[in-house]
Participant: 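I am attaching a structure below and will ask some questions about it afterwards.
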Amino acid sequence: MTDLSAYETKDALAAAVAEAISEKLRAAIEARGMASFVASGGGTPKPAFELLSQDVRIDWNKVTVTLSDERMAPPEAGVSNANMLREHLLKDAAASARFLPLDTLSSLEKFDLPFDVVLLGMGGDGHFASIFPDGDGMEAACAPGATILAETTPYPLPPEAPYPRLTLSLPAIRQCRDLFLMVSGKGKRDILELAGSDAPEGDLPIRRLLHDPDLPLSIFWAP
């Protein structure tokens, strides 16, 4: 499988991911005077974000941050990935980073592509960002000519967040210097193994990343 690093604990996983992101952001700033970071939503990256928020080695006022995907929910619902990012990353040492919420195409046009670092997670159905195996919008989000942002709707809608999604398209995600996939749990490791093999596995979206030989993908996993 593509460059998979395994760790014994979730704490070790978070530390490794945070250090890898820090290294790439600092290298980008040194090389180009600025850096861009696409952050994943969900719960898995929160410990890594907490560590990054304390990383004083990064010149955060030279870092632009956005999200891989967002729930199109009213603010009062309190389930947005933007709120999660403000709570766990964009504080303390990282408070000076420039944050562009993933809600308008014009915001992403401000990026000088490629992104320096993209961090993604993976769901138990093999989805990444908000590119789901079922529901509406997956094929459009993965099409070679897709725009930077796509609207998708998972099926079934999860009861904790029953909202359509806004996601970076697959062509946009591919425009990166480094792509990190952060995954935990034996069940998800099994999905990675299945999607990475040549065996029939259904239409798992993550397969599109694992079988792309030109993608600078590194996988971080813990039980």
Side-chain angles (χ1 to χ4, degrees), residues 36-46 48-49 64-90 99-111 113-115 117-176 179-185 187-188 191-192 195 202-210 212 215 217:
S36 55
F37 175 40
V38 176
S40 173
T44 302
K46 289 179 181 179
F49 292 160
T64 299
V65 179
T66 192
L67 285 156
S68 62
D69 59 309
E70 184 59 281
R71 296 160 173 169
M72 298 170 68
E76 61 270 18
V79 296
S80 74
N81 287 331
N83 285 345
M84 181 277 291
L85 210 61
R86 293 185 181 100
E87 180 178 353
H88 295 282
L89 174 63
L90 301 172
F99 177 52
L100 295 179
L102 193 70
D103 57 3
T104 64
L105 180 61
S106 62
S107 68
L108 284 180
E109 288 174 341
K110 299 175 183 177
F111 278 95
L113 297 175
F115 300 114
V117 183
V118 174
L119 175 67
L120 297 176
M122 185 191 73
D125 58 359
H127 84 263
F128 62 91
S130 277
I131 299 177
F132 296 91
D134 298 306
D136 297 330
M138 185 188 79
E139 292 304 325
C142 293
T147 58
I148 289 177
L149 297 179
E151 292 187 15
T152 63
T153 303
Y155 179 82
L157 282 171
E160 70 277 9
Y163 306 104
R165 311 298 174 90
L166 191 64
T167 185
L168 286 180
S169 66
L170 180 57
I173 289 170
R174 282 177 168 149
Q175 294 188 64
C176 65
L179 174 58
F180 298 148
L181 183 64
M182 184 180 185
V183 182
S184 64
K188 291 186 179 181
I191 291 172
L192 284 174
D203 198 8
L204 294 172
I206 196 67
R207 183 177 173 83
R208 290 165 167 79
L209 302 183
L210 300 181
D212 186 341
L215 199 61
L217 174 63

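The figures that follow rest on heavy atoms only: side chains count, while hydrogens, waters and symmetry mates do not. Just so it is clear, the model here is predicted, and its values are computed rather than measured.
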Participant: Taking atom CZ of Phe37 and atom CG of Leu67, what is their separation to the nearest 0.5 Å?
Facilitator: 9.0 Å
Participant: Are the side chain of Lys188 and the backbone N or O of Met122 linked by a donor-acceptor pair below 3.5 Å?
Facilitator: yes
Participant: Of all heavy-atom pairs between Ala143 and Pro171, which one has the smallest distance, and what is that distance?
Facilitator: O-CG, 3.2 Å
Participant: Quick one: does Val38's side chain get under 4.5 Å of Cys176's, heavy atoms only?
Facilitator: no
Participant: Search all heavy atoms of Ala195 against all heavy atoms of Arg207 and return the closest pair with its distance.
Facilitator: O-NH1, 3.2 Å
Participant: Quick one: does Leu149's side chain get under 4.5 Å of Leu168's, heavy atoms only?
Facilitator: yes
Participant: Which atom pair, heavy atoms only, marks the closest approach of Ala39 to Leu85?
Facilitator: CB-CD1, 3.7 Å
Participant: Indicate yes or no for a side-chain donor-acceptor contact from Glu70 to the backbone of Ala82 under 3.5 Å, with no hydrogens or angles considered.
Facilitator: yes
Participant: Rounded to the nearest 0.5 Å, what separation is found between the CG atom of Leu217 and the CZ atom of Arg174?
Facilitator: 11.5 Å
Participant: Between Arg165 and Asp136, is there a side-chain N and carboxylate O pair less than 4.0 Å apart?
Facilitator: no
Participant: Considering non-hydrogen atoms only, spot the tightest contact between Pro205 and Asp125 and give its length.
Facilitator: CD-O, 4.1 Å
Participant: With rounding to the nearest 0.5 angstrom, report the OG1 to CG distance, Thr66 to Leu102.
Facilitator: 4.5 Å
Participant: Are Thr44 and Val183 close enough that some pair of their side-chain heavy atoms sits under 4.5 Å apart?
Facilitator: no
Participant: Mind checking the CZ-CD1 spacing from Arg208 to Ile173? Nearest 0.5 Å is all I need.
Facilitator: 11.5 Å
Participant: So, taking the atom named NE2 in His127 and the one named CD1 in Ile191, what distance separates them when rounded to the nearest 0.5 Å?
Facilitator: 10.5 Å
Participant: Over all heavy atoms of both residues, which pair between Ala146 and Ala141 is shortest? Give the atoms and the distance, please.
Facilitator: CB-O, 3.9 Å
Participant: So which atom in Ala48 and which in Met182 form the shortest heavy-atom distance, rounded to 0.1 Å?
Facilitator: CB-CE, 4.2 Å
Participant: Counting C-beta onward and ignoring hydrogens, is there a side-chain heavy-atom pair between Leu209 and Leu120 closer than 4.5 Å?
Facilitator: yes
Participant: Can a donor-acceptor pair be found, under 3.5 Å and without considering hydrogens, that links the side chain of Ser169 to the backbone of Thr147?
Facilitator: yes
Participant: Any non-hydrogen side-chain atom of Val118 less than 4.5 Å from a side-chain atom of Ser68?
Facilitator: no
Participant: Any side-chain heavy atom of Ser40 sitting closer than 4.5 Å to one from Phe128?
Facilitator: no
Participant: What's the spacing between Met72 CE and Thr152 OG1 if we round to 0.5 Å?
Facilitator: 9.0 Å
